[in-house]
Amino acid sequence: MIRNSLLLAAAAILWSSAAQAQLPVKVVIVTTYEDDYLNPAATGTSHGEARAWIDGFHLDTLMPLPAGFRPLRVNADGVMETMTGMTTGKAAASTMALGLDPRFDFRKTYWILAGIAGVDPLQASQGSAAWAEWVVDGDIDNFVDPREIPAGWPDGHIPWDGTSALGPPGPNIGQMYHLNRRLVHWAFGLTRSMILPDNAKLRRSRAAFVGFPNGQRPPFVLIGDNLSSATYWQGTKTAEWARRWVKLYTAGKGTFVTSSCEDSGFMQAMTFLGKAGKIDPDRVLILRTASDYCVPHPGESSADSLKYDGTHAYMGDSEAFESAYLVGGTVVRELIRHWDRYRDQVP
């Protein structure tokens, strides 16, 4: 702890000039958790979303962020990593804390949220990487216990300001966010042909998803939309709701692919910071890589599929960490390598 305090103090002195002259940041990599984040010597021993980024981009300088979840990590190339903590509330608060920090200029910055997620086997497989064009908030709704819903309702979820589970969706007050489609497709175009990590454990896990052709494919890169909620959920019936909810709030344009706990909070912060002129909302990307399936394989119950013990299900978080870094890192390196092009012109 003493060593970590000294590192933070040294970083604060090193970057104190930024208080007078704002430091322009090229790319912010947004992660949510890491077991041993403050230990610079943790290479290969820590477990979480940030470690591969810290090591691969030499994000060795710690900077304090007192109002955020964790200190920042930066390198000399203008790349910054921030950790929000898990769930929508922490993601929104930590992102706002960073976006309003007077030390930094984020007006030309590209933001990439890169984290793991559950995946719908109808659309993709464990280890796959999905660039989101749409983010839908799964928490903003009205709810009736499914044991008491009227006949004809598919589930107990009712759109905000609605009276029926069937819609209409009502005015958007943060239930839906549409990212810059051109930027999303550009990032996908850079990475769509990448070969992602695969191994015997992933092959055994996906082999059980008989009847789900995409869920049985080796890991691949796709464009796929995200349903975000603070509740970690699992199950066949809930996945049916997730598919319906994403279609409802995107007017049929989006397709549910990944489930996570931070994206709507992060996007709400991006929206407010954009209104304040602090960031450019057209420079925001979300990359989710599949650590697990959000529904059980045939023959397994939804409750048992939460038991990631190798018999009922397999949590491929290590493979998903690697996929996020490989796919997201390709985009970050392109942006940094050709910053003279991308600084003033969004691809």
Side-chain angles (χ1 to χ4, degrees), residues 22-31 49 52-53 56-59 74-82 95 98-99 104-115 117 124 128-135 176-196 219-226 250 253-255 257-258 260 262-264 266-289 322-347:
Q22 284 191 319
L23 179 71
V25 179
K26 297 175 183 176
V27 180
V28 175
I29 300 154
V30 182
T31 63
E49 294 172 350
W53 294 99
F57 280 88
H58 305 289
L59 300 167
V74 298
N75 68 14
D77 294 326
V79 179
M80 172 184 290
E81 186 272 343
T82 185
T95 303
L98 176 58
F104 308 111
D105 182 354
F106 293 119
R107 289 173 296 173
K108 300 291 186 180
T109 302
Y110 292 87
W111 298 72
I112 301 180
L113 190 161
S128 293
W131 295 102
E133 183 177 339
W134 302 85
V135 171
M176 178 273 290
Y177 302 91
H178 190 193
L179 281 73
N180 179 356
R181 184 178 186 275
R182 293 176 62 186
L183 182 64
V184 172
H185 282 256
W186 171 81
F188 172 63
L190 283 179
T191 57
R192 64 187 302 169
S193 300
M194 293 185 68
I195 305 299
L196 302 186
F220 62 100
V221 182
L222 69 157
I223 292 176
D225 302 312
N226 176 268
T250 63
K253 299 175 183 178
T255 299
V257 173
T258 62
S260 67
E262 296 82 26
D263 301 38
S264 57
F266 168 72
M267 287 303 301
Q268 183 63 81
M270 290 284 99
T271 301
F272 285 161
L273 290 168
K275 289 171 61 178
K278 299 294 186 179
I279 67 110
D280 181 355
D282 282 340
R283 296 176 181 236
V284 177
L285 288 165
I286 289 180
L287 176 67
R288 284 289 177 177
T289 53
E322 187 176 356
S323 289
Y325 169 71
L326 291 174
V327 176
T330 298
V331 171
V332 173
R333 288 186 175 89
E334 171 67 16
L335 291 169
I336 297 303
R337 187 180 298 118
H338 300 292
W339 185 245
D340 57 338
R341 179 191 313 166
Y342 298 128
R343 179 188 180 277
D344 297 314
Q345 182 65 46
V346 179

Minimum-distance pair of heavy atoms, taken over all atoms of Pro281 and Gly274:
CG-CA, 3.8 Å

Strictly distance-based, threshold 3.5 Å: is any side-chain N or O of Thr31 a donor or acceptor partner for the main-chain N or O of Glu49?
no

Can you tell if the side chain of Thr191 reaches within under 4.5 Å of the side chain of Leu287, non-hydrogen atoms only?
no

His178 side chain reached by Trp134 side chain, heavy atoms, under 4.5 Å
yes

Taking side chain as C-beta onward, heavy atoms only, is Asp225 less than 4.5 Å from Thr250?
no

Summary of salt bridge (charged side-chain N to carboxylate O under 4.0 Å, His left out) pairs that have at least one residue in residues 273-282, sequence neighbours excluded:
Asp280-Arg283

Do the non-hydrogen side-chain atoms of Tyr110 and Leu285 ever get within less than 4.5 Å of each other?
no

Taking only residues two or more places apart in sequence or in another chain, which ones pass salt bridge (charged side-chain N to carboxylate O under 4.0 Å, His left out) with Glu133?
Arg181

Are the side chains of Val135 and Leu179 in touch, meaning some heavy atoms are under 4.5 Å apart?
yes

Partner residues of Leu326 under the side-chain contact (heavy atoms from CB on, under 4.5 Å) criterion, sequence neighbours left out:
Met194, Pro197, Glu322

Test of understanding: with ring-ring contact (aromatic ring centres under 6.0 Å, His included), list the residues that count as partners of Phe266, not counting sequence neighbours.
none

Shortest non-hydrogen contact between Arg288 and Leu113, atoms and distance:
NH2-CD2, 3.4 Å

Output side-chain donor-acceptor pairs under 3.5 Å for residues 331-346, partner residues at least two apart or in another chain, one line each.
{"from": "Arg333", "atom 1": "NH2", "to": "Tyr325", "atom 2": "OH", "distance (Å)": "2.7"}
{"from": "Glu334", "atom 1": "OE2", "to": "Tyr342", "atom 2": "OH", "distance (Å)": "2.5"}
{"from": "Asp344", "atom 1": "OD1", "to": "Lys108", "atom 2": "NZ", "distance (Å)": "3.3"}

The salt bridge (charged side-chain N to carboxylate O under 4.0 Å, His left out) partners of Arg107 (sequence neighbours excluded) come to Asp105

Trp111 side chain reached by Leu98 side chain, heavy atoms, under 4.5 Å
yes

